[in-house]
There are 2 protein chains.
Amino acid sequence: MARGVTGAAPSAPRRGPSAAAQHRDIPQATVTRLATYLRVLGVLADEGALIVSSEELANASGVGSAKLRKDLSFLGPNGVRGVGYDVARLRARIESALGLDRGHRVVLVGIGNLGRALAGYGGFDRRGFSMVGLFDRDPACVGSTIGGLTVRDVTELADSCRDLEATIGVIATPDAAAQDVCDQLVGAGLRCILSFSPLALEIPDHVEMRRVDLAMEMQVLSFNMARNTPPDEQRNPQAAAASAAVGASTRNGSVIRP
Amino acid sequence: MARGVTGAAPSAPRRGPSAAAQHRDIPQATVTRLATYLRVLGVLADEGALIVSSEELANASGVGSAKLRKDLSFLGPNGVRGVGYDVARLRARIESALGLDRGHRVVLVGIGNLGRALAGYGGFDRRGFSMVGLFDRDPACVGSTIGGLTVRDVTELADSCRDLEATIGVIATPDAAAQDVCDQLVGAGLRCILSFSPLALEIPDHVEMRRVDLAMEMQVLSFNMARNTPPDEQRNPQAAAASAAVGASTRNGSVIRP
DNA sequence: GTCTGTGAAGGGCTTCACAGCT
DNA sequence: AGCTGTGAAGCCCTTCACAGAC
């Protein structure tokens with residue numbers, strides 16, 4: 001039986017059968033953070049930074065510096081002692097480790113409110129993903145153009161995935177259609193699926209799935225607030241003001257520039 | 001200094017100063033899964049199920065049965081040995097534990113593509129959240145109506161949050177505005193923020209934040225695929241077919257019905 | 001002196017196996 | 001007989017502290 005949910009709290013003990021790639025030994029938790037570091041490094045690079053220390057990068061990423069160094073150490077030696085990390089070099093190293101240097105091609109199924117938002121979101125290209133196909137079942141939607149792509153009928157999905165050489169499928173359909181679409185994506189040979197349906201979809205072991213469930217995020221938020229707010233309900237507006245004054249930590253500090 | 005990122009891999013060791021609530025002792029990982037169980041229980045209830053066993057609920061949620069029982073045990077005794085769990089009762093118990101029985105009121109800032117999708121998403125009401133305010137900076141957008149709510153100018157944000165008695169703020173603005181909006185939400189007294197900006201926003205300790213970063217989800221997906229696909233690239237379409245035949249596990253099984 | 005890389009200690013979560021109730 | 005609740009073992013991850021390179 002296939003496990004369906006990976007979601008936000010993955011505990012996949014599953015390992016590939018062969019031990020070829022170095023990837024194998026990177027902890028799941030570290031992988032998630034590597035993606036964060038990559039994003040922050042992008043901001044630093046845009047600002048013209050050349051070298052960054054573990055402390056600075058850690059602060060900007062919201063983690064401790066020791067944890068950051070440990071995380072990076074899984075990729076091998078990346079920095080220079082007494083100096084710091086070369087921004088461009090580290091960035092390339094992480095991209096390579098995450099497999100982003102091959103350029104993923106994304107197909108999106110379900111062009112409702114959310115699908116339209118995803119199709120129009122420009123942030124993907126900047127981070128190594130290109131949207132290559134849009135699909136929907138509604139004839140009123142098929143044929144329309146979003147972000148330079150024409151929406152196709154979902155019946156063409158499997159064939160198109162192969163033609164487009166897609167590597168990632170995104171499911172943004174209503175819940176009732178999610179499993180069916182998922183099966184088609186899997187049948188077409190995709191091994192990466194990102195689902196916005198709250199349902200736990202059935203997938204074979206060789207397919208990787210992540211789920212984004214917005215209502216669930218809010219529920220966890222709700223609990224954590226309750227946990228941090230014992231009945232003695234302290235109003236403390238000046239803590240907010242103090243923190244607000246700090247500003248984005250990527251903008252100050254002693255980052256080396258050209 | 002405040003840590004900004006909680007995100008998908010939270011490790012917040014932070015604890016409330018007083019130890020009043022029972023909440024305190026529930027592991028973070030368990031909280032995340034409780035939200036999943038709650039969703040599955042909702043589906044079961046809709047189907048008319050009265051009693052469910054740990055094994056069935058676990059399968060439908062994508063976790064092991066032992067883990068599920070352990071998770072539920074943090075809420076105290078909830079089932080009947082030799083029988084199973086009362087669906088309605090367990091559902092109410094989890095809702096109460098997550099603090100969802102008080103009805104959260106949500107304000108959304110940033111009515112772009114994503115914001116519009118969120119505003120129009122019907123799934124929130126069904127799960128105990130009601131959208132009570134929409135805000136944007138663009139005069140062309142302010143005044144329009146989405147899902148029965150009129151978009152207000154973001155300058156009214158702080159005052160409106162208080163008037164509307166909002167408890168959760170959602171940030172769906174462009175990155176450049178995110179920190180500013182965040183500060184305003186915090187200043188208005190909100191203690192729960194859900195951000196769709198990839199930036200690590202600065203918040204004071206008493207505020208709980210979760211971040212949803214779509215590009216990051218895809219990056220993690222990309223890596224996990226690479227990890228599970230050693231160079232010997234095995235095509236295995238029949239695994240897909242086998243799994244597809246299983247169907248949603250909430251639909252079969254020996255769930256007790258009226 | 002500064003900052004990275006890392007063994008070792010510690011904590012939290014998962015898994016196992018079974019005691020206990022119906 | 002069946003299923004829940006739970007101590008205990010084991011594992012993974014985080015944190016600490018320092019050796020090592022510059």
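So that the names make sense, note that chain A is the first sequence line, chain B the second, and so on, each numbered from 1. For clarity, every value in this text was computed on a predicted model and none was experimentally measured.
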Check: Applying salt bridge (charged side-chain N to carboxylate O under 4.0 Å, His left out), which residue pairs with at least one partner in residues 68-79 of chain A are found, sequence neighbours left out?
Finding: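 Sorted pair list: A:R33-A:D71.
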
Margin query: A side-chain contact here means heavy atoms from C-beta on lying under 4.5 Å apart; do A:R211 and A:L201 qualify?
Written below: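 Side-chain contact under 4.5 Å: no.
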
Taking [atom1] from [X] and [atom2] from [N], how many angstroms apart are they, rounded to a whole number?
X: B:K67; N: D:dG7; atom1: NZ; atom2: P; value: 20 Å
X: B:Q28; N: C:dG11; atom1: CD; atom2: P; value: 19 Å
X: A:F74; N: C:dT6; atom1: CZ; atom2: P; value: 10 Å
X: B:L34; N: C:dC13; atom1: CG; atom2: C1'; value: 14 Å
X: A:I51; N: C:dT4; atom1: CD1; atom2: C1'; value: 13 Å
X: B:L68; N: D:dT4; atom1: CG; atom2: C1'; value: 11 Å
X: A:D71; N: D:dC12; atom1: CG; atom2: C1'; value: 13 Å
X: B:L57; N: D:dC3; atom1: CG; atom2: C1'; value: 14 Å

Note to self: Restricting to side-chain contact (heavy atoms from CB on, under 4.5 Å), what partner residues turn up for B:A92, sequence neighbours left out?
What the structure shows: none

Notebook entry, point to check: With sequence neighbours left out, what residues match A:F124 under side-chain contact (heavy atoms from CB on, under 4.5 Å)?
Noted result: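 Scan of A:F124 (side-chain contact (heavy atoms from CB on, under 4.5 Å), adjacent residues dropped) gives A:L118, A:Y121, A:F129, A:M131, B:L214, B:A215, B:M218.
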
Notebook entry, point to check: Counting side-chain heavy atoms from C-beta on, which of C:dC13, D:dC13, C:dT4 comes nearest to B:A29?
Noted result: C:dC13

Check: Who passes salt bridge (charged side-chain N to carboxylate O under 4.0 Å, His left out) against B:R127, sequence neighbours left out?
Finding: A:D213

Check: Has A:R33 got a side-chain N or O lying under 4.0 Å from the OP1 or OP2 atom of D:dT14?
Finding: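 So the side-chain polar atoms of A:R33 do come within 4.0 Å of the phosphate oxygens OP1 or OP2 of D:dT14, strictly under.
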
Note to self: Side-chain N or O of A:S54 versus OP1/OP2 of C:dT4: is the shortest distance under 4.0 Å?
What the structure shows: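 Yes, within the criterion.
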
Notebook entry, point to check: Quick one: does B:R191's side chain have a donor or acceptor within less than 3.5 Å of a partner on B:I168's backbone?
Noted result: no

Notebook entry, point to check: Can you give one letter per nucleotide of nucleotides 16-22 of chain D, going 5' to 3': B for a protein heavy atom under 4.0 Å from the base, S for sugar-phosphate only, - for none?
Noted result: -B-BBBS

Note to self: For B:D175, give me all partners under side chain to side chain donor-acceptor pair (under 3.5 Å), at least two apart in sequence or on another chain.
What the structure shows: B:S197

